[in-house]
Q: 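Next up is a structure, given as structure tokens.
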Amino acid sequence: VTQSPMSIAVNPAPYDHTLFEERHLCYISPLGRGNFGCVELCRYDPLGDNTGELVAVKKLQPNKGPDLEDFQKEVKTLSVLHCDYIVKYRGVCYSMGRLSMSLVMEYLPYGSLNGYVWTNRHNITTRRMLLFASQICKGMEYLQTLRYVHRDLAARNILVANDSLVKIADFGLTKVLPFDKEYYRLSQPGQSPLFWLAPECLNENKFSNKSDVWSFGVVLHELFTYCDNSLNPKRICLQEIGQNVQGTSISMHLANMLANNWRLPAPPGCPPKVYSLMNDCWTYDFDKRPTFSDLSRKVENMIQDDR
Ligand SMILES: N#CCCn1cc(-c2nc(Nc3ccc(C4CCNCC4)cc3)nc3c2CCN3)cn1
């Protein structure tokens, strides 16, 4: 007996949960600016009854900064990262008939770490800061197992999920290491903010897990200054360079200072062991810097000792 066509079960196409329809993405408010896009709070509300979930949507600034191709790399990067200490990818939203796209991510209610620490500076303990630091180390440890270099580790790019959980975000500058080298050489100076960069980045555009460790040291500095803007790395470095900077560029001045062993000063009230950990991260020779697993262990030991 031949089967009638109707009796052959046809599986419906699997529903793609990572595809967000623009018509159901309801704008609520601005959240911040990433490397080359602005981030907005939206509610994805297909039922149209305000029961949909809140999401953070990063829109590509049309013809501003790097193009759609670079943004697609950022989307691709985030979509393969699965770690408790890295902001979660939700999907993409195409508009203008695929000519433009947005990156849809989990919404973290407490915002960026620098704003959070400054706002709560009167009741954040050293212990809690060290907890945040250890979570950033674990996120970075995970990232480097996939041979990614973040290249923009800074307190403004760490987001706060709740009072005891932070996540790494903004993978706009992230690069994957070549299979045969432990560093990534940029063809020309990139957009990474100078004052978080290791000497080999300033001098040779060489980025590696070890230059991310240097930046982590600067994040520790930001944390222990309670992200006080008057003490931020840029302001301290520019004060040291001196206002009337002529001729040699700021990055050359900074590179010379670091070569002469100048470093960011200890934040007021910073525990000596924490400042010594920052200086470990700021070892001039990148081969002698600790790894993120070393740092994870050292910070966790400090948390134990801090009881
Ligand atoms: N990284 C990076 C740089 C780009 N950037 C990313 C986000 C972002 N913000 C949030 N959440 C968020 C942000 C701000 C607030 C408040 C803070 C007080 N003042 C008013 C606003 C609240 C909650 N959740 C996110 C993201 C990306 C993924 N999930 C924002 N800027």
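Quantities reported herein were computed from a predicted structural model and do not represent experimental measurements. Values below: every heavy atom of this structure, side chains too, minus hydrogens, waters and symmetry copies. Both ligands and their constituent atoms are indexed starting at 1 by order of listing.
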Q: What protein heavy atom sits nearest atom 2 (C) of ligand 1, and how far off is it?
A: Asn157 OD1, 3.6 Å
Q: Do Glu222 and Trp118 have a side chain donor and acceptor closer than 3.5 Å?
A: no
Q: Less than 3.5 Å apart, any donor N or O on the side chain of Asn232 or Ser230 sitting next to an acceptor on the other?
A: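 Checked: Asn232/Ser230 side chains show no N/O donor-acceptor pair below 3.5 Å.
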Q: Under 4.0 Å from atom 31 (N) of ligand 1, is there at least one protein heavy atom?
A: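 Neighbour list for atom 31 (N) of ligand 1 includes protein heavy atoms (cut-off 4.0 Å).
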Q: Within ligand 1, which atoms have a heavy atom of Asp170 less than 4.0 Å away?
A: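 Going through ligand 1 atom by atom, the ones under 4.0 Å from Asp170 are 1 (N), 2 (C), 3 (C).
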Q: Looking at the rings of His150 and Tyr148, which for Trp means the six-membered one, are their centres under 6.0 Å apart?
A: no
Q: Working to the nearest 0.5 angstrom, can you tell me the gap between Glu40 CD and Leu25 CG?
A: 9.0 Å
Q: Show me which atoms of ligand 1 lie under 4.0 Å from any heavy atom of Ala169.
A: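 Per the distance check, 1 (N).
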Q: Among all protein heavy atoms, pick the one closest to atom 4 (C) of ligand 1 and tell me residue, atom and distance.
A: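 Heavy-atom neighbour on the protein nearest atom 4 (C) of ligand 1: Arg33 O, 3.4 Å.
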Q: Are any of the N/O atoms on Ser112, whether in the backbone or the side chain, positioned under 3.5 angstrom from an N/O atom of ligand 1?
A: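 No, since none of the N or O atoms of Ser112 sits under 3.5 Å from an N or O of ligand 1.
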Q: Do Asn114 and Tyr226 meet the criterion of a side-chain donor-acceptor pair at a distance under 3.5 Å?
A: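 Per modelled atom types, Asn114 and Tyr226 side chains form no pair under 3.5 Å.
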Q: Can Arg147 and Glu182 be counted as an ion pair, charged N to O under 4.0 angstrom?
A: yes
Q: If you take all heavy atoms of Phe195 and Cys237, which pair is closest and at what distance?
A: CD2-CB, 3.4 Å
Q: Identify, by atom number and element, the atoms of ligand 1 in contact range of Met105, meaning under 4.0 Å from any of its heavy atoms.
A: 27 (C), 28 (C)
Q: Less than 6.0 angstrom separating the ring centers of Phe20 and Tyr44, yes or no?
A: yes
Q: What atoms in ligand 1 come closer than 4.0 Å to a heavy atom of Glu106?
A: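 Once the distances to Glu106 are compared, the set is 25 (C), 28 (C), 29 (N).
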Q: Under 4.0 angstrom from atom 20 (C) of ligand 1, is there any protein heavy atom?
A: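 No, there is none.
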Q: Students should be able to answer this: which protein heavy-atom is nearest to atom 15 (C) of ligand 1, and at what distance?
A: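 Protein heavy atom with the smallest distance to atom 15 (C) of ligand 1: Gly111 CA, 3.8 Å.
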Q: Checking side-chain polar atoms at under 3.5 Å, does Thr291 have a donor or acceptor matched by the opposite partner on Asp294?
A: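 A pair is found: one side chain offers a donor N or O, the other an acceptor, under 3.5 Å apart.
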Q: Which residue and atom name correspond to the protein heavy atom nearest atom 5 (N) of ligand 1, and how close is it?
A: Val39 CG2, 3.6 Å
Q: Can you check atom 28 (C) of ligand 1: any protein non-hydrogen atom closer than 4.0 Å?
A: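 Given the 4.0 Å limit, the answer for atom 28 (C) of ligand 1 is yes, a protein heavy atom qualifies.
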Q: Is the shortest side-chain N to carboxylate O distance from Arg121 to Asp228 below 4.0 Å?
A: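 Answer for the salt bridge query: no.
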Q: Check the angle between the aromatic planes of His221 and Trp282 and answer parallel, tilted or perpendicular using the 30° and 60° thresholds.
A: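 Aromatic pair His221/Trp282 classed tilted.
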Q: List every atom of ligand 1 that sits less than 4.0 Å from any heavy atom of Val87, numbering the atoms from 1 in the order shown and giving each element.
A: 28 (C), 29 (N)
Q: What do you reckon, does Pro109 put a non-hydrogen atom under 4.0 Å from ligand 1?
A: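 True for this residue.
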Q: Give the single entry among Ile158, Leu78, Leu113, Leu108 that approaches atom 23 (C) of ligand 1 most closely by any heavy atom.
A: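 Going through Ile158, Leu78, Leu113, Leu108 one by one, Leu108 has the nearest heavy atom to atom 23 (C) of ligand 1.
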Q: Which atoms from ligand 1 have a heavy atom of Leu159 less than 4.0 Å away?
A: 8 (C), 9 (N), 25 (C), 26 (C), 27 (C), 28 (C), 29 (N)
Q: Which residue from Ala56, Pro30, Cys38 reaches closest to atom 25 (C) of ligand 1 through any of its heavy atoms?
A: Ala56
